[in-house]
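Since the structure comes first, as structure tokens, the remarks are kept for the end.
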Amino acid sequence: MNNFEKAAAFHKEGFNCCQSVFSVFAPTLGLPLENALKTASAFGGGIGGMGEACGAFTGILMALGLKYGFSTLEDKQAKDKMNQIARDAAEKFRTANGSILCRELLGCIPATPEGKAYIKEKKLSETVCAEAIRSAVQIASEMLGEK
């Protein structure tokens with residue numbers, strides 16, 4: 001099973017977009033699957049369903065952070081590099097999907113009753129979210145040097 005198929009299977013099981021993307025990469029980057037699922041659990045629906053940064057996009061950033069992130073404040077070069085990597089990921093995701101904001105991708109705020117109904121009625125999880133996850137896995141794979 002390739003990374004996209006793994007991410008799609010996580011999403012189909014009911015994990016959010018961030019969990020689905022991040023959990024594909026985290027174990028190979030040293031973070032156990034259970035910890036990856038927990039870490040990414042608040043980022044679905046654009047951070048807690050608020051429609052902010054798309055969960056699939058934040059999953060990319062988490063994976064890139066595990067590989068390229070900095071952990072000492074003295075390393076300004078590493079911080080600058082990570083910020084550039086994040087901007088590059090945002091541009092790639094925006095180009096592929098039109099936005100990095102969940103509410104713009106879905107046309108609603110996911111946590112509201114109206115948003116939940118709209119997502120279900122339009123089957124956005126199976127279309128918009130599935131495409132965001134697919135492109136996120138591809139972008140992360142490329143940026144992590146896996147493809």
Side-chain angles (χ1 to χ4, degrees), residues 1-112 115-116 118-119 124-147:
M1 188 178 317
N2 66 34
N3 282 344
F4 170 67
E5 291 167 339
K6 289 177 192 175
F10 276 121
H11 195 244
K12 202 172 234 182
E13 286 178 41
F15 290 106
N16 69 44
C17 295
C18 185
Q19 289 172 304
S20 300
V21 172
F22 184 51
S23 295
V24 169
F25 300 101
T28 61
L29 294 168
L31 186 66
L33 177 61
E34 181 181 1
N35 292 353
L37 290 168
K38 288 179 178 181
T39 300
S41 63
F43 294 89
I47 307 172
M50 297 184 296
E52 299 296 333
C54 168
F57 172 65
T58 57
I60 296 171
L61 296 181
M62 289 179 173
L64 294 172
L66 277 178
K67 183 165 184 176
Y68 302 114
F70 62 96
S71 59
T72 61
L73 298 177
E74 297 78 24
D75 195 350
K76 184 177 177 341
Q77 188 175 5
K79 181 178 181 179
D80 292 344
K81 179 181 177 184
M82 189 65 234
N83 286 338
Q84 185 59 56
I85 288 169
R87 289 189 297 271
D88 292 347
E91 184 55 35
K92 290 174 187 287
F93 191 85
R94 192 178 291 113
T95 297
N97 296 283
S99 179
I100 63 169
L101 296 177
C102 179
R103 67 178 169 269
E104 290 180 0
L105 295 170
L106 295 177
C108 65
I109 306 296
T112 65
K116 288 177 184 177
Y118 184 75
I119 290 166
L124 299 178
S125 184
E126 295 89 351
T127 55
V128 175
C129 297
E131 176 56 25
I133 290 168
R134 185 203 62 75
S135 66
V137 168
Q138 180 180 1
I139 292 164
S141 293
E142 290 169 4
M143 294 185 77
L144 291 167
E146 295 187 6
K147 280 190 176 181

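Being a predicted model, the structure only gives us computed values, none of them experimental.
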Rounded to the nearest 0.5 Å, the CD1 atom of I100 sits from the CD atom of E52 at a distance of 10.0 Å
Sorted by chain and residue number, the salt bridge (Lys or Arg N to Asp or Glu O under 4.0 Å) partners of K38 (sequence neighbours excluded) come out as E34
Residues pairing under salt bridge (charged side-chain N to carboxylate O under 4.0 Å, His left out) where one sits in residues 20-31, two or more places apart or in two chains, turn out to be none
Self-check item: Q77 atom CD: more than 12 heavy-atom contacts under 6.0 Å
Solution: no
The side chain to side chain donor-acceptor pair (under 3.5 Å) partners of T95 (sequence neighbours excluded) come to E91
For A7 and I133, the nearest pair of non-hydrogen atoms, with its separation, is CB-CG2, 3.7 Å
State whether the side chain of Q19 and the backbone N or O of L37 hold a donor-acceptor pair below 3.5 Å, judged by distance alone. yes
In short, P110 meets G45 closest at the heavy-atom pair CG-O, 3.6 Å
Query raised in the report: When you measure from the side chain of S23 to the backbone N and O of S20, does any donor-acceptor pair fall under 3.5 Å?
Result: no
In this structure, CD of E146 is separated from CG of N3 (nearest 0.5 Å) by 5.5 Å
Between C18 and T58 the two heavy atoms that sit nearest each other are SG-OG1, 3.4 Å
Are Q84 and D80 linked by a side-chain donor-acceptor pair shorter than 3.5 Å?
no
Scanning both residues in full, the closest heavy-atom pair of C54 with A132 reads SG-CB, 4.3 Å
Audit row: K67, F25, side chain to side chain contact (heavy atoms under 4.5 Å, CB included) steps and yes/no: CA-CA 10 Å; K67 183 165 184 176; F25 300 101; over 6 Å; no
Students often mix this up, so state it plainly: with edges at 30° and 60°, are the rings of F93 and F57 parallel, tilted or perpendicular? tilted
ring-ring contact (aromatic ring centres under 6.0 Å, His included) filter on F22, not counting sequence neighbours, yields none
Between L31 and M62, does the side chain to side chain contact (heavy atoms under 4.5 Å, CB included) criterion hold? Intermediate values first, please. CA-CA 11 Å; L31 186 66; M62 289 179 173; over 6 Å; no
L64 side chain reached by M82 side chain, heavy atoms, under 4.5 Å: yes
For K12, the side-chain contact (heavy atoms from CB on, under 4.5 Å) test, sequence neighbours excluded, returns none
Output for pair (T72 OG1, K79 NZ), nearest 0.5 Å, gives 11.5 Å
When every non-hydrogen atom of A89 is compared with those of I60, the smallest separation belongs to CB-CG2, 4.0 Å
On a heavy-atom basis, the closest approach of A136 and V21 is CB-CG2, 3.8 Å
Interatomic distance, CG@D88 vs NZ@K81, rounded to 0.5 Å, equals 11.0 Å
Are the side chain of E5 and the backbone of N2 linked by a donor-acceptor contact shorter than 3.5 Å? yes
With sequence neighbours left out, the residues meeting side chain to side chain donor-acceptor pair (under 3.5 Å) with R134 are E131, Q138
pair F10-L33: side-chain heavy atoms closer than 4.5 Å: yes
The residue among C129, C102, S125 that forms side chain to side chain contact (heavy atoms under 4.5 Å, CB included) with C17 is C129
Next item on the list: Report yes or no: does K92 contribute a side-chain atom to a donor-acceptor pair with the main-chain N or O of I139 at less than 3.5 Å?
Entry: no
When rounded to the nearest 0.5 Å, the distance separating CG of L106 from OH of Y118 is 8.5 Å
